Amino acid sequence: MLNPNEYIIDKLIKQKPQHSQCFGMLRLFAFLWYVNFLFAVMRILLATVLFMVSLYANAQHEAAFPYPSIPDTLRAPSARAGYLVNHYWDGYNFADTTQNVAGGMAEQGFVNFLDLLPRVPRAVAASGMMAFVDRLYEDCQPAVRDYFAGLADSYLGNDDSPMRDDVLYAQFLDIMGASKFASVAERTRNDYMARNLRKNLPGTTAADFDYIDRHGKRRSLHSLAAPMTLLYFYDPDCGHCRQVLEQLLGIPQLTSEDGAVRVLAVYPYGYDERWSAAPRFPSTWIDGYSPDGDVTARDVYYIKSMPSLYLLDKDKKVVLKNPSVEVLRKALSGGCRYQFFKTQL
């Protein structure tokens, strides 16, 4: 017969009920969860407040540009647009250099101004740009002029800009160079760029040039007979060219053997070992180089960046000048019916 273990009995008698300890733990966990929940709610509220403050600040910056008040007597949309273009910069203080960087206000105002210009007749757009340039040269420092000139180049001259417009940019450069306050260097540079921007515009006949193909034969662009021609200027060492090439190879019309679209890939800087050792293009493409680099040396084509693309029709008229790959894809699939883009000459 076993004797009772007094130690165990004593321990059991004096031990606190187990459920009380569990209940205390549950209360602790509940309290910690509640505290964490409050912190989470506070974080959400703080983020919401900061977001609203940011929106309000952005709205204030956008509203800060001193847009002109159009007289109520002007009722017709064309008249109101014309007044807005000609008086757009009346209230802007070009002498205050802080406005040019504060919150992007000046940049947004300039972009809105550029967006207005194609909506009015060319003569009105020209007068609006002249009013802008007069203020730009008379009221501000050279650094401010450089700032706005850089904006014009970024939005009107950049291949990746949705607002790119060679005709409008050339007109802007003409007016900048014609200012009596422009330096000789500015006039020379603007004249050079404007002349090049007007080369090979959509609707004009693409300039002819000679090239030497992989077989050493000298040929010309205009001798290439094809319903459509894609002129592709490239550099074998250009990383962006390789990226664009991969996208071009994904367009069925450019690799088809039906001959509807011929691709002429040209290295414009003359023969060198890089071109000779470069990977070959599809067999349906023609690959060559410009002898002595005439394409660029004689400014036959203004190649601002690589690659440079031109879509030509059967008469070698320019249909698209430096289009994005997506625009090119749509054009070749009939999405734009080969319409000329931006054919204002």
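No hydrogens, no waters, no symmetry mates; every other heavy atom, side chains included, goes into these values. All figures in this text were calculated on a predicted structure; none of them were measured in a lab. Numbers for residues simply follow the sequence, beginning at 1.
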Could you tell me whether the side chain of Glu186 and the main chain of Ser183 form a donor-acceptor pair under 3.5 Å?
yes

Answer whether the closest heavy-atom distance between the side chains of Tyr88 and Leu116 falls below 4.5 Å.
yes

Take Gln108 and Phe65 through the side chain to side chain contact (heavy atoms under 4.5 Å, CB included) test and state the conclusion after the steps.
CA-CA 8 Å; Gln108 186 61 62; Phe65 188 87; over 6 Å; no

Is a side-chain N or O of Ser223 found less than 3.5 angstrom from the main chain of Ser220, in a donor-acceptor match?
yes

Check for a donor-acceptor pair, side chain of Arg145 on one end and backbone N or O of Ala182 on the other, with a separation under 3.5 Å.
no

For salt bridge (Lys or Arg N to Asp or Glu O under 4.0 Å), just list the numbers for Asp153 and Lys304, CA-CA rounded to whole Å, side-chain angles, deciding distance to a tenth of an Å, and then say yes or no.
CA-CA 12 Å; Asp153 185 65; Lys304 185 178 180 181; 2.8 Å; yes

Using the ring of each side chain (for Trp, its six-membered ring), is Phe113 parallel, tilted or perpendicular to Trp89, with breaks at 30° and 60°?
perpendicular

Checking the side chain of Ser161 only, and the main-chain atoms of Asn158 only, is there a donor and an acceptor separated by less than 3.5 Å?
no

Does Ala278 offer a backbone N or O that forms a donor-acceptor pair with the side chain of Arg280 under 3.5 Å?
yes

For the pair Arg218 (side chain) and Ile212 (backbone), establish whether a donor and an acceptor sit closer than 3.5 Å, ignoring hydrogens and angles.
no

More than 12 foreign heavy atoms under 6.0 Å from CE of Met130: is that the case here?
no

Would you indicate whether the side-chain heavy atoms of Tyr169 and Val167 approach each other to under 4.5 Å?
no

Looking at Tyr269 versus Tyr234, is the centre-to-centre ring distance below 6.0 Å?
no

Is the ring pair Phe132/Phe110 parallel, tilted or perpendicular, if the boundaries are 30 and 60 degrees?
tilted

Evaluate the side chain to side chain contact (heavy atoms under 4.5 Å, CB included) criterion for residues Met129 and Gln171: first the C-alpha distance (whole Å), next the side-chain angles of each, then the deciding distance (0.1 Å), finally the verdict.
CA-CA 9 Å; Met129 283 190 283; Gln171 189 177 14; 3.4 Å; yes

Which residues share a salt bridge (Lys or Arg N to Asp or Glu O under 4.0 Å) with Arg119, sequence neighbours left out
Asp115

Test side-chain contact (heavy atoms from CB on, under 4.5 Å) applied to Thr188 - qualifying residues, sequence neighbours left out
Val184

Do the side chains of Leu201 and Val318 get nearer than 4.5 Å, heavy atoms only?
no

Donor-acceptor pair, Lys330 side chain versus Val325 backbone, under 3.5 Å?
no

Residues forming a side-chain contact (heavy atoms from CB on, under 4.5 Å) with Asp90, sequence neighbours excluded
His87

I'd like to know whether CD of Glu138 has more than 12 heavy-atom contacts from other residues, nucleotides or ligands below 6.0 angstrom.
yes

Can you list everything that forms a salt bridge (Lys or Arg N to Asp or Glu O under 4.0 Å) with Arg214? Sequence neighbours excluded, please.
Asp287

Donor-acceptor pair between Glu107 and Tyr155 side chains, under 3.5 angstrom
yes

Does the side chain of Lys321 come within less than 4.5 Å of Asp166's, by heavy atoms?
yes

I'd like to know whether CG of Asp258 has more than 12 heavy-atom contacts from other residues, nucleotides or ligands below 6.0 angstrom.
yes

Nearest heavy-atom pair of Leu168 and Leu114: which atoms, and what distance?
CD2-O, 4.4 Å

Asp146 meets the salt bridge (Lys or Arg N to Asp or Glu O under 4.0 Å) criterion, sequence neighbours left out, with none

Check against side chain to side chain contact (heavy atoms under 4.5 Å, CB included), Phe172 and Leu117
CA-CA 11 Å; Phe172 179 81; Leu117 299 179; over 6 Å; no

Kindly determine whether Ile286 and Val263 satisfy side chain to side chain contact (heavy atoms under 4.5 Å, CB included), including the steps that lead there.
CA-CA 6 Å; Ile286 302 172; Val263 180; over 6 Å; no

Over 60° means perpendicular and under 30° means parallel, so tell me whether Phe209 and Tyr301 are parallel, tilted or perpendicular.
perpendicular

Heavy-atom closest contact (Pro268 atom, Phe233 atom, distance)
CB-CD2, 4.2 Å

Closer than 3.5 angstrom, by distance alone: can the side chain of Ser290 be matched with the main-chain N or O of Val295 as a donor-acceptor pair?
yes

Measure the shortest side-chain to side-chain distance between Leu230 and Leu264 over non-hydrogen atoms and say whether it is less than 4.5 angstrom.
no

So among Asp160, Asp159, Asn322, which one has a side-chain contact (heavy atoms from CB on, under 4.5 Å) with Ser305?
Asp159

In a table with atom names and distances, give each donor-acceptor pair under 3.5 Å that connects a side chain of residues 191-199 to protein atoms at least two apart or in another chain.
{"from": "Asp191", "atom 1": "OD2", "to": "Arg195", "atom 2": "NE", "distance (Å)": "3.1"}
{"from": "Asn196", "atom 1": "OD1", "to": "Lys199", "atom 2": "NZ", "distance (Å)": "3.0"}
{"from": "Asn196", "atom 1": "ND2", "to": "Tyr192", "atom 2": "O", "distance (Å)": "3.0"}
{"from": "Arg198", "atom 1": "NH1", "to": "Asp174", "atom 2": "OD2", "distance (Å)": "3.0"}
{"from": "Arg198", "atom 1": "NH2", "to": "Asp174", "atom 2": "OD2", "distance (Å)": "2.5"}
{"from": "Lys199", "atom 1": "NZ", "to": "Asp299", "atom 2": "O", "distance (Å)": "2.4"}

Please check if the side chain of Ser256 supplies one atom and the backbone of Pro252 the other of a donor-acceptor pair under 3.5 Å.
no

Do Val124 and Asn86 have side chains that approach each other closer than 4.5 Å (heavy atoms only, starting at C-beta)?
yes

If the threshold is 4.0 Å, N to carboxylate O, is there a salt bridge linking Arg274 and Asp235?
yes

Before you tell me yes or no, could you show the steps for Tyr211 and Tyr267 under ring-ring contact (aromatic ring centres under 6.0 Å, His included), namely the whole-Å CA-CA distance, both residues' side-chain angles and the distance that decides it to 0.1 Å?
CA-CA 9 Å; Tyr211 64 92; Tyr267 175 60; over 10 Å; no

Given side chains that start at C-beta, do those of Arg219 and Asp213 come closer than 4.5 Å, heavy atoms only?
yes

Taking all heavy atoms of Pro282 and all of Leu249, pick out the closest pair and write down the distance.
CG-CD2, 3.5 Å

Specify the closest pair of heavy atoms between Asp313 and Val319, including all atoms of both residues, with the distance to one decimal.
N-CG2, 3.9 Å

In terms of relative ring orientation, are Trp275 and Tyr271 parallel, tilted or perpendicular, with 30° and 60° separating the classes?
perpendicular

Looking only at atom types and distance, does a side-chain atom of Tyr92 sit under 3.5 Å from a main-chain N or O of Gly109, one as donor and one as acceptor?
no

Please name the pair of heavy atoms, one in Ala260 and one in Pro227, separated by the smallest distance, quoted to 0.1 Å.
O-CB, 3.5 Å

